[in-house]
Protein chains: 2
Amino acid sequence: MAESAQTIHAELIAVLVAVTRGVPRVLTLADGSALPEGPLEPTHRSLQAGLRAWVERQTHHPLGYVEQLYTFADQARSAEARSEGRSISISYLGLTREAAPQGAISWQDWYRYFPWEDRRSETKREPTLLEAPIRDGLARWQGRDATRRMRVANAFGLDGVAWNEELVLARYQLLYEAGLVHEAARDGRAAHGALVSGTPMAADHRRILATAISRLRAKIKYRPVVFELLAESFSLLDLQRCVEALAGQRMHKSNFRRVMEAQNLLEETGKFTSGPGRPAKLFRFREAIRAERDITDTRLPMVRT
Amino acid sequence: MAESAQTIHAELIAVLVAVTRGVPRVLTLADGSALPEGPLEPTHRSLQAGLRAWVERQTHHPLGYVEQLYTFADQARSAEARSEGRSISISYLGLTREAAPQGAISWQDWYRYFPWEDRRSETKREPTLLEAPIRDGLARWQGRDATRRMRVANAFGLDGVAWNEELVLARYQLLYEAGLVHEAARDGRAAHGALVSGTPMAADHRRILATAISRLRAKIKYRPVVFELLAESFSLLDLQRCVEALAGQRMHKSNFRRVMEAQNLLEETGKFTSGPGRPAKLFRFREAIRAERDITDTRLPMVRT
DNA sequence: TTAATTATACTCAAATTGAGTATAATGGAG
DNA sequence: CTCCATTATACTCAATTTGAGTATAATTAA
């Protein structure tokens, strides 16, 4: 590569996730239309440190788990970027607990942006149906193209393929390519039908959010990170509801329990819940697990429908 | 985040991998002591496009699969960076086939940098032993610290924990923290014993390589990316050897075969190998799989020892 | 022709997974 | 106080997947 100096502007962009009463939420600006972002400051020792400091200043809440998502640098990303030189955006996923939002910041149900990703209401006799704009729009877009047909079938679980909850980004990407989401129309793509439901976001923020959800859905299956989203002590059902909220799928209760017990991640607090029904044991995550969270494996049993 | 303009320099850094005759290789500069890197040029439309163009110009070989690894921006990353403003490095993993290197470029066996990661010679009666500097150095470093002991046991498969081939980065990181690799000494860390064997690299290149290996070892289990490393047609044993080279572990032959056949990723070419022993059927990856490579799942059976 | 070598086809037991039933312990309605 | 709705927890069982190994087939080289 030839040597070439150029001014580059670097931004951090954060997807902060919390789960409150069964709803997975994401921190947003401007009435839910954008993710929080800001320039990388010279005082920051590292990217991660910069993000942590900034988030904690904004939300007054500690940031548990942080993971880098993706770095974007497309030249056409925004008009200003083009005129004043390249801009690099480094996106992060952060897990936290919901705190009272300040100013223009608000927590939004992430399924507001991806209604088709929430399949928790599915039952055996009533399999989830994709809404008409998705079905028809994709059908029109794929036409007789074998590769497109296969991409659609795999991403959306059609033609005998099972639904894979991790393919959030692949699904959004397809809807974008088919011109079925608002952002595609905004970016001047030909539409193949009516727009699907789901709130759009500024720039490529909805794509970044899709990336974050994909990553998190994959992560919870093999790394114990959920506890960053839960209270200090919780029942097994609390834990299951939290995982289901993230995965967008219901799980089999006794099997979930069996797996969690086999993994030895939890310890009993000795206390119990109260409320309707038999009281449930309260658990906490073992201290060693918190320290070891990058190494230990976790698994989750899904329900196959 | 407060507004603050500053000059930032962005670099791309590539981990290019090929597998030749059972040896996983990585493209290096300067006699194997550094990974190829170069500044991001203004002409590049996107990061990925920039990397592709640059690599193909250097190696005269098409770059099959490309995946972003990680973006680093630690201020202390190098002395020049500190003096002339912040530098951001965006690292990539690329899969290709080995071509004749030009100039200062050379292909190196990646186990040269991580000898402890190659366990292919292990047999049931002769489990792999960690070399003395690793065992003793880590033992000295962990002392009686419970968290350290657990990290070591999990990462290196001690105390009844199984070896997990994906933890390449965690292992390198531990050796670095314990002051047992050359880079740690260079960065002024206290040593806890003799240095372990394995060639050091410039700056944090060995860490980046460890990240790449971790990612690739995880990836081959659920995404059909290996074919980017293989010739157009290959026998099942070729495929198995390639996967084993990456994973650093031997696999069970008939089970490997069973899994590969069940996944329907391959199709017979109708041709056969010649050479010693019974001729093997030659396969190729199904065309649809190449198109679908980001979506379909793959699984691999390992040998448990 | 035989031995060495590699491929391929089966078999079998152990472990894991998906799904469901039975029983226990609460609070609230009557 | 009793019954019922509700939730927790403990088991059971079959299907599938996985780990490991054996038997047989088709080559080349000696």
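Remember, it's a predicted structure, so these values are computed and weren't measured experimentally. Naming convention: chains lettered A, B, ... in sequence-line order (proteins, then strands); numbering from 1 in each chain.
- Listed by chain and number, the residues in a side-chain contact (heavy atoms from CB on, under 4.5 Å) with B:Glu131 are B:Pro133, B:Ile134, B:Val196, B:Ser197 (sequence neighbours excluded).
- In this structure, A:His252 places its NE2 atom 12 Å from C1' of D:dC13, rounding to the nearest Å.
- For A:Glu67 and A:Lys219, the salt-bridge test passes: some basic side-chain N is under 4.0 Å from an acidic carboxylate O.
- Regarding B:Arg258, its CZ atom lies at a distance of 14 Å from the P atom of C:dC12, rounded to whole Å.
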Show each protein N/O and nucleotides 5-8 of chain C N/O combination with a separation under 3.5 Å, one pair to a line.
residue : atom : partner  : partner atom : Å
C:dT6   : O2   : B:Arg278 : N            : 3.2
C:dA7   : OP2  : B:Lys253 : NZ           : 2.7
C:dA7   : N3   : B:Arg278 : NH1          : 3.3
C:dT8   : OP1  : B:Lys281 : N            : 2.9
C:dT8   : OP2  : B:Arg257 : NH2          : 2.4
C:dT8   : O5'  : B:Arg257 : NH2          : 3.3

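- A salt bridge links A:Glu117 to A:Arg171: at least one charged side-chain nitrogen sits closer than 4.0 Å to a carboxylate oxygen.
- The interatomic distance linking B:Asn255 (CG) with D:dT22 (C1') rounds to 13 Å, in whole Å.
- What separates CZ of B:Phe256 from P of D:dT18 is a distance of 14 Å, to the nearest Å.
- A donor-acceptor contact closer than 3.5 angstrom is absent between the side chains of B:Ser214 and B:Glu166.
- A salt bridge does not link A:Glu228 with A:Arg97: none of the charged nitrogens is closer than 4.0 Å to a carboxylate oxygen.
- Ion pair B:Arg120/B:Glu244 not flagged as a salt bridge, since none of the NZ, NE, NH1 or NH2 atoms sits closer than 4.0 Å to an Asp/Glu carboxylate oxygen.
- A:Leu282 places its CG atom 16 Å from the P atom of D:dT7, with the value rounded to the nearest Å.
- The distance between atom CD of B:Gln263 and atom C1' of D:dT18, rounded to the nearest whole Å, is 14 Å.
- Side chain A:Ser274 to base C:dG27: no donor-acceptor pair is found below 3.5 Å.
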